[in-house]
Amino acid sequence: MNEVSTLVVSRPDRSLTMTDRVARGLGWFSIGLGLAEIVAPGRLAKALGLEGHERLLQAFGAREIASGVGALSVDPAPAIWSRVGGDLLDLGTLAVGLRRGDEQQRRNAGMAIAAVAGIAVVDVLTAASLTREVSEDRGEQRDYSDRSGFPGGVAAARGAATRDFETPSDMRSDPAPARSLATA
C-alpha cells in the first residue's frame, strides 16, 4: 500500500467493525447537520423558537462539521466524544425554545429535543465502544489476576484483625449469663 491509502484505513490489521461504521455514519450526519446550521440558521431559529440565536446556531454548525470530519478520521473516538458534549449543548439550547415562541415552535423544539436525546445515546454508546476497542488494540487492557487486594498478601492479612487486639474493658462481660441462656 502507498502512503495515501494507509491514511483512509482505520485499522489496517483488521476490517472495519460495526462501531467504525456507526462512527462514519455519525460523521456524515454531523457534516450534513452542520451545513444546514451554517446555511439556514434563520429558518432553524424560527422553527425552534430560537430567534436571535442565529450566530449560535452557525457556531454549532461549525462544531458539527469539525466533529464530523474527525469522526471520519483514523481515530474517531475523540470526535464522537466531542459530539456527546455538543449534544449536551444542543439540549440546553433547545430547552430555551420550549419556553419561547408559539405552540408550533414549542412542539418543534420538543421533537428536536427527543431526536437529539436519541442521537446522544447512540453517540455515548459509540464513543465508549470505540474507546474500548482502541484500548484493547494498544494492549491497554489491564490484568489484575495476580493481585489479592491485600498490601502484604493474603498470608499477612490472616489474623491481622485480632493479632494485637484487646477487648476494651467496658465491653468485657461475665460469660455466666450467656451460658444460662444457652441451657434454658
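Side chain of Arg100 to main chain of Glu51: a donor-acceptor pair is present (N/O by atom type, distance under 3.5 Å, no hydrogens or angles). Distance alone, capped at 3.5 Å, is enough to place a donor-acceptor pair between the Ser82 side chain and the Ala79 backbone. Of the possible polar contacts, one joining the Asn108 side chain to the Ala47 backbone as a donor-acceptor pair under 3.5 Å is found. Between the side chain of Gln58 and the backbone N or O of Leu56 there is no donor-acceptor pair closer than 3.5 Å. Distance alone, capped at 3.5 Å, places no donor-acceptor pair between the Ser67 side chain and the Glu64 backbone.
Side chains of Asp20 and Thr17: a donor on one and an acceptor on the other come within 3.5 Å. No side-chain donor from either of Thr19 and Thr126 sits under 3.5 Å from a side-chain acceptor of the other.
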task = In sequence, state the C-alpha distance, the side-chain angles, and the governing distance for Ile38 and Ile65, and then conclude on side chain to side chain contact (heavy atoms under 4.5 Å, CB included).
result = CA-CA 10 Å; Ile38 287 174; Ile65 291 171; 3.6 Å; yes
query = Do Leu50 and Leu44 pass the side chain to side chain contact (heavy atoms under 4.5 Å, CB included) test, and can you show the C-alpha distance, the side-chain angles, and the key distance before you say yes or no?
reply = CA-CA 8 Å; Leu50 295 172; Leu44 283 171; over 6 Å; no
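The pair Glu37-Arg63 does not count as a salt bridge, with every side-chain nitrogen at least 4.0 angstrom from each carboxylate oxygen.
By the neighbour-count criterion of 12 heavy atoms within 6.0 Å, atom CD of Glu103 is sparsely surrounded, having that number or fewer from other residues, nucleotides or ligands. Atom CZ of Arg107 has more than 12 heavy atoms from other residues, nucleotides or ligands within 6.0 Å.
In terms of heavy-atom proximity, Trp81 sits nearest to Ala128 at CZ2-N, 3.7 Å.
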